[in-house]
S.K.: 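Pasting a structure here, questions to come.
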Amino acid sequence: MKFVIVGYGRVGTRTARILREEGHDVTVVDNNEKKVDRALDEGFDTILGDGGTESVLKQAGIEDADAVGGLTGEPNINFAACMLGKEFGCRTVMRISEDYRQEIYERYADDVDEIVYPERLGAAGAKTALLGGDFNALGDLTDKLRLATVTVPEGAPIVGEHVASIDLGTDGRIYAHGRKREPMTIPLPGTVVEPGDHLALLTERDELENVRKQLLG
């Protein structure tokens, strides 16, 4: 598959690397020359320019892409990239980098395929560590979706499994993984779950207990 990643900061970099490791075609767009140089040094096809403009995205191959990720720290650029991607039939994923607020979600959620909150995942890990629990429901994202974190105990059924292979069906989705004192990030394809690891996930509110049992036993 072909992906256009707008923004080569912390989130965009890791996302691009994971997609490439899985064999996908990735083109990076960023308006920062240093980030563009870094992406080029890492072997990515890269375009210097504003990812919220049609001409730049066309240079990046948006017309043939399967999906576009607006992953900069600027929601307006991310939204513009996603709206242009929709015009060309792409799946659209938008990063919101500030703390979650309902009005922000409502502003964008109906127009993009998915919204991601990388900073909230880091905060989720911190809250789990402070509370000392294994499973914490942190809050509602929508009327139906709930954000939760898991600290994997010894003997959990998922210990030894690859994070990418854990199938929660339609009940939930794992978004991030962290190892003990490390921050949570998008897991690499080869990441194996160990005791003490942290997972962040989205789940249907009514299925929270089922997901907890599946993950922790």
S.K.: Indicate, with yes or no, if V29 and L48 share a hydrophobic cluster defined by side-chain heavy-atom contacts under 4.5 Å among Ile, Leu, Val, Met, Phe, Trp and Tyr.
M.R.: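 No; tracing contacts between hydrophobic side chains, which count when under 4.5 Å, never links both residues.
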S.K.: Between K2 and A60, which heavy-atom pair has the shortest distance, and what is it?
M.R.: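 The answer is CE-O, 4.1 Å.
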S.K.: Carefully, step by step, assess V26 and D45 under the rule side chain to side chain contact (heavy atoms under 4.5 Å, CB included).
M.R.: CA-CA 7 Å; V26 179; D45 291 334; over 6 Å; no
S.K.: Rounded at 0.5 Å granularity, tell me how far NZ in K35 sits from CG in L40.
M.R.: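 That separation rounds to 14.5 Å.
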S.K.: Do L216 and I166 belong to the same hydrophobic cluster, where Ile, Leu, Val, Met, Phe, Trp and Tyr are linked whenever their side-chain heavy atoms lie under 4.5 Å apart, directly or via other members?
M.R.: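 As far as the 4.5 Å side-chain criterion goes, I166 and L216 are connected within one cluster.
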S.K.: Would you give the length of the straight line joining atom CG of D30 to atom CG of D37, rounded to the nearest 0.5 angstrom?
M.R.: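 Atom-to-atom, D30:CG and D37:CG are 10.5 Å apart.
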S.K.: Given the rule in the side chain to side chain contact (heavy atoms under 4.5 Å, CB included) test, do V159 and V152 qualify, once you have shown the distances and angles that lead to the verdict?
M.R.: CA-CA 8 Å; V159 170; V152 181; 3.7 Å; yes
S.K.: Please give me the minimum heavy-atom distance between C82 and M94, naming the atom from each residue.
M.R.: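 Looking at all heavy atoms of both residues, the shortest contact is SG-CB, 3.8 Å.
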S.K.: Would you kindly say whether H198 and T151 are connected by a side-chain donor-acceptor distance under 3.5 Å?
M.R.: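 A donor-acceptor contact under 3.5 Å links the two side chains.
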S.K.: Do I5 and L71 touch side chain to side chain, with heavy atoms closer than 4.5 Å?
M.R.: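 SC-SC contact between I5 and L71 confirmed.
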S.K.: Evaluate the criterion side chain to side chain contact (heavy atoms under 4.5 Å, CB included) for residue pair V93 and V112; output intermediate values, then yes/no.
M.R.: CA-CA 6 Å; V93 175; V112 301; over 6 Å; no
S.K.: How far apart are the closest heavy atoms of P157 and E161, and which atoms are they?
M.R.: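 Minimum heavy-atom contact is O-OE2, 3.5 Å.
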S.K.: Please report the closest heavy-atom contact between I158 and V193, naming both atoms and the distance.
M.R.: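 In this case the closest contact between I158 and V193 is O-CB, 3.4 Å.
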S.K.: Could you check whether any side-chain N or O of T13 sits under 3.5 Å from a backbone N or O of R10, counting only pairs where one atom can act as donor and the other as acceptor?
M.R.: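 Such a contact is absent between T13 side chain and R10 backbone.
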S.K.: Here's one to test your reading of the geometry: is the NZ or CZ of R38 within 45 degrees of the ring axis of Y8 and under 6.0 Å from its centre?
M.R.: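 R38 over Y8 ring: no.
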S.K.: Search all heavy atoms of C90 against all heavy atoms of A67 and return the closest pair with its distance.
M.R.: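 Closest heavy-atom pair between C90 and A67: CB-CA, 3.9 Å.
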S.K.: Salt bridge (charged side-chain N to carboxylate O under 4.0 Å, His left out): which pairs involve residues 46-60, sequence neighbours left out?
M.R.: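 Salt bridge (charged side-chain N to carboxylate O under 4.0 Å, His left out) check on residues 46-60 returns E54-K58.
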S.K.: Establish whether F3 and V6 are linked, either directly or via other cluster members, by ILVMFWY side-chain heavy-atom contacts under 4.5 Å.
M.R.: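 F3 does not cluster with V6.
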S.K.: Would you kindly confirm whether F79 and I77 end up in one hydrophobic cluster when ILVMFWY residues are joined by side chain heavy atoms under 4.5 Å apart?
M.R.: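 No; I77 is not reachable from F79 via cluster members.
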S.K.: Tell me, please, which residues at least two apart from S55 pass side chain to side chain contact (heavy atoms under 4.5 Å, CB included).
M.R.: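 For S55 the side chain to side chain contact (heavy atoms under 4.5 Å, CB included) partners, ignoring immediate neighbours, are T53.
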S.K.: Counting only N and O atoms by type, is there a donor-acceptor contact under 3.5 Å from the side chain of D64 to the main-chain atoms of G61?
M.R.: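 Flag not set: sc D64 to bb G61 has no pair under 3.5 Å.
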S.K.: Measuring from M83:CE to L57:CG, what's the distance to the nearest 0.5 Å?
M.R.: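 Reported value, rounded in 0.5 Å steps: 12.0 Å.
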S.K.: I'd like to know if the side chain of T92 and the backbone of G85 have a donor-acceptor N/O pair within less than 3.5 Å.
M.R.: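 Not confirmed, T92 side chain does not pair with G85 backbone.
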S.K.: Measuring from T15:OG1 to R17:CZ, what's the distance to the nearest 0.5 Å?
M.R.: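 Going from OG1 on T15 over to CZ on R17, the span is 10.5 Å.
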S.K.: Counting N and O atoms only, with roles assigned by atom type, does the side chain of D66 sit under 3.5 Å from a partner on the main chain of M1, one being a donor and the other an acceptor?
M.R.: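 The answer is no, because no donor-acceptor pair under 3.5 Å joins these two groups.
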S.K.: Under the side chain to side chain contact (heavy atoms under 4.5 Å, CB included) rule, what do V4 and V28 come out as? Steps first, then yes or no, please.
M.R.: CA-CA 6 Å; V4 175; V28 170; over 6 Å; no
S.K.: Quick one: are I62 and V68 in side-chain contact, heavy atoms under 4.5 Å?
M.R.: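 The answer is yes; the side chains approach within 4.5 Å.
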S.K.: Is V11 reachable from L19 through a run of I, L, V, M, F, W or Y residues, each pair having side-chain heavy atoms under 4.5 Å apart?
M.R.: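 Yes, same cluster.
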S.K.: Quick one: closest heavy-atom pair of N78 and R95, and the distance?
M.R.: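 N78 and R95 have their closest heavy atoms at ND2-O, 2.9 Å.
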